[in-house]
S.K.: 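The following block contains the structure, expressed as structure tokens.
One-based numbering along the sequence shown. Below, each value reflects all heavy atoms present in this structure, side chains not excepted, and no hydrogens, waters or symmetry copies.
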Amino acid sequence: MIVWTCILRWLLVLGIAFLAGGLIKYAKLPSILGWLIAGMLLGPHALGLLPQALLDEAGYKVFLSFLQCAFGLMLGTELVILRLRSYGKALVITTLTQSLGTFFVVSLVFALVFASQGVPVFLAPVLGSIALATAPAPALSVVREFHTKGPVTDTLLPMAVFDDVVGIVVFFTVNAITARRVSGGSVPLYMIPVMIFLPIAIGLVPGFLFGALLKKPLGRAASLSLMLAGIAACTVLGLLFNSRMSGVTLNYMLMGVSFSAVFSNMVDEKRLSQLVTWFNPILSFALLACIVGLGAPLDVHLILGAGLYTFVYIASRAVGKYFGARFGAKATHMPETVQKYLGLTLLPHSGVSLVFTGIACSTLAAEPALSGVIQGTIAAAAVINEIIAVITAKKGFELAGEIPGKGGRRYAAGGRKAESAS
């Protein structure tokens, strides 16, 4: 009875969040903002319809891991080699400039702030390493809702994957160095490549196996069953490896990306389009559940208690993301819209930041005052930044002319102009 009560409450929260997303569209804002706010208001820190006990349940975490893996298909199905060749090196360079640029800007700003306030300066790179990561779900939900097409969209989709890899490398390197200065647990350096390549490897095997079957002209039910079975296989493998590695949380979205990237390159373009169309309703549900799950742990009261560090963090991170992306895109001669507006779509952050914050605070357990600085700064920033970031992401696509009906242009899959918006 308790299990069914939890499931019903969760489904009720998702239903309310879905309605909130529909209502907020009347204000010409993305649905995801309604989902995120509903998650916060119905979560354990507000109305409690989605209690902390449910968020801590093992079954809920497993199912959320499955949905995160399923969400990875939105990115993986875009990683078709023939499509990526048009950007190639430019995509990699721009990813590095916006991610590493954010790391250096945030680290430098906080080094100056901490030095003036007597806080240990070695804490600055910790904040910088948390800041560089981008949470792809919010921006990509805008892509889905408004059917954006064009160079900014085509650049953002694969960049979301590469950005995760850079984020893992930088954060765990900084975390390992920080652990040498304080007592407490840490992820050893040799775990960094494991964190990156193990989720990818986990997705590869089911990708090849199920890709061979998905190449066949199967119907909708059979094809969806195979895709869901592949996602389930990735999730189970991920859980098995995770249970044997203490202090490490594998990225389930990366598993889904790897799984779908493999079969996407094994089937032809027509078959891939068919599979994506059939999978869209499942992807929409996964996105809704993941965003509500992202908002539920956030304490809306932290907005009132936000201090100097929070606003410095949000501002310096925005500067690093925007100008880092602009510099890289300009240096590699990417389209002008990418140079000007890609940075606006890279501001969403909270899911990744909260995971990294938890690990950093564990490393700083022997220094509770320093741990408190990190936790307080990021927790408040997660709430404030995510609301701002969703709005700026939509504005970025709008200014780039990639939202049909907004006075821009419609683009074909490769970023080529197809027709004027009517």
S.K.: Which residues satisfy the ring pair (Phe, Tyr, Trp, His ring centres under 6.0 Å) test with Phe241, sequence neighbours excluded?
M.R.: none
S.K.: Looking at Leu346 and Ala325, what are the two nearest heavy atoms and their distance?
M.R.: CD1-CB, 4.0 Å
S.K.: Do Arg244 and Leu240 make a side-chain contact, defined as non-hydrogen atoms from C-beta onward lying under 4.5 Å apart?
M.R.: yes
S.K.: What are the two closest heavy atoms between Phe63 and Trp10, and how far apart are they?
M.R.: CE2-CH2, 3.3 Å
S.K.: Answer whether the closest heavy-atom distance between the side chains of Leu344 and Phe397 falls below 4.5 Å.
M.R.: no
S.K.: Nearest 0.5 Å please: distance from the OH atom of Tyr322 over to the OG1 atom of Thr392.
M.R.: 11.5 Å
S.K.: Considering the options Leu204, Leu73, Leu254, which one meets the side-chain contact (heavy atoms from CB on, under 4.5 Å) requirement together with Phe259?
M.R.: Leu73
S.K.: Can you check whether Lys395 reaches Tyr341 side chain to side chain, under 4.5 Å on heavy atoms?
M.R.: no
S.K.: Which pair of non-hydrogen atoms, one from Cys234 and one from Gly203, has the smallest distance, and what is that distance?
M.R.: SG-CA, 3.9 Å
S.K.: Under a 3.5 Å distance rule, please check whether Arg9 uses its side chain to pair with a backbone N or O of Leu50 as donor and acceptor.
M.R.: no
S.K.: Looking only at heavy atoms, what is the nearest atom pair of Phe279 and Leu228, with distance?
M.R.: CE1-CD2, 4.2 Å
S.K.: Taking it one step at a time, do Leu49 and Ile16 satisfy side chain to side chain contact (heavy atoms under 4.5 Å, CB included)?
M.R.: CA-CA 11 Å; Leu49 187 58; Ile16 295 172; 4.0 Å; yes
S.K.: How many angstroms lie between CE in Met334 and CG in Leu91, if you round to the nearest 0.5 Å?
M.R.: 6.0 Å
S.K.: If you draw a 6.0 Å radius around CD in Glu336, do more than 12 non-hydrogen atoms from other residues or ligands fall strictly inside?
M.R.: no
S.K.: Out of curiosity, Leu213 CG to Leu218 CG, how far, rounded to the nearest 0.5 Å?
M.R.: 7.5 Å
S.K.: Is it true that a side-chain atom of Ser273 and a backbone atom of Glu269 form a donor plus acceptor pair closer than 3.5 Å?
M.R.: no
S.K.: Of Lys216, Arg271, Gln274, which is the lone residue that meets side chain to side chain donor-acceptor pair (under 3.5 Å) with Ser223?
M.R.: Arg271
S.K.: Using the rule given for side chain to side chain contact (heavy atoms under 4.5 Å, CB included), can you reason through Phe171 versus Val174, listing the C-alpha separation, both sets of side-chain angles and the distance that settles it, and then say yes or no?
M.R.: CA-CA 5 Å; Phe171 173 77; Val174 171; 5.8 Å; no
S.K.: Can a donor-acceptor pair be found, under 3.5 Å and without considering hydrogens, that links the side chain of Glu398 to the backbone of Ile403?
M.R.: no
S.K.: Assess the side chains of Thr148 and Thr153: does a donor N or O sit below 3.5 Å from an acceptor N or O?
M.R.: yes
S.K.: Output the distance between atom CZ (Phe197) and atom OG (Ser258), rounded to the nearest 0.5 Å.
M.R.: 11.5 Å
S.K.: Quick one: are Leu272 and Asp268 in side-chain contact, heavy atoms under 4.5 Å?
M.R.: no
S.K.: Check whether any side-chain heavy atom of Val205 lies under 4.5 Å from a side-chain heavy atom of Ile202, and answer yes or no.
M.R.: no
S.K.: Just by modelled atom types, is the Val106 backbone N or O under 3.5 Å from a matching donor or acceptor in the Ser316 side chain?
M.R.: no
S.K.: Quick one: side-chain hydrogen bond (donor to acceptor under 3.5 Å, both in side chains) pairs with a partner in residues 275-288, sequence neighbours left out?
M.R.: Arg144-Asn280, Arg144-Ser284
S.K.: Answer yes if the ring centres of Phe323 and Phe327 are under 6.0 angstrom apart, and no otherwise.
M.R.: no
S.K.: I want to check something: taking the side chain as every heavy atom from C-beta on, are Leu237 and Pro206 in contact at a cut-off of under 4.5 Å?
M.R.: yes
S.K.: Using a strict cut-off of less than 4.0 Å between a Lys/Arg side-chain nitrogen and an Asp/Glu carboxylate oxygen, indicate whether Glu57 and Lys61 qualify as a salt bridge.
M.R.: no
S.K.: Tell me, which pairs form a side-chain hydrogen bond (donor to acceptor under 3.5 Å, both in side chains) where one or both residues lie in residues 94-108, sequence neighbours left out?
M.R.: Gln98-Asp163, Gln98-Lys321
S.K.: If you take all heavy atoms of Thr235 and Tyr252, which pair is closest and at what distance?
M.R.: O-CE2, 3.8 Å
S.K.: Could you report the tightest heavy-atom contact between Val338 and Ala329, atom names first, then the distance?
M.R.: CG1-CB, 4.0 Å
S.K.: So, do Thr77 and Leu275 sit near enough that their side-chain heavy atoms are less than 4.5 Å apart?
M.R.: no
S.K.: Should Met227 and Leu214 count as side-chain neighbours, where that means a heavy-atom distance under 4.5 Å?
M.R.: yes
S.K.: Please lay out, stage by stage, how Phe285 and Leu14 fare under the test side chain to side chain contact (heavy atoms under 4.5 Å, CB included).
M.R.: CA-CA 9 Å; Phe285 176 78; Leu14 293 185; 3.7 Å; yes
S.K.: Distance check, rounded to the nearest 0.5 Å: Leu226 atom CG versus Phe263 atom CZ?
M.R.: 10.0 Å
S.K.: Hey, mind stepping through Glu402 and Lys149 against side chain to side chain contact (heavy atoms under 4.5 Å, CB included) and telling me if it holds?
M.R.: CA-CA 5 Å; Glu402 299 190 10; Lys149 293 286 184 182; 5.7 Å; no
S.K.: For the residue pair Arg317 / Tyr313, report whether a side-chain donor-acceptor contact shorter than 3.5 Å exists.
M.R.: no
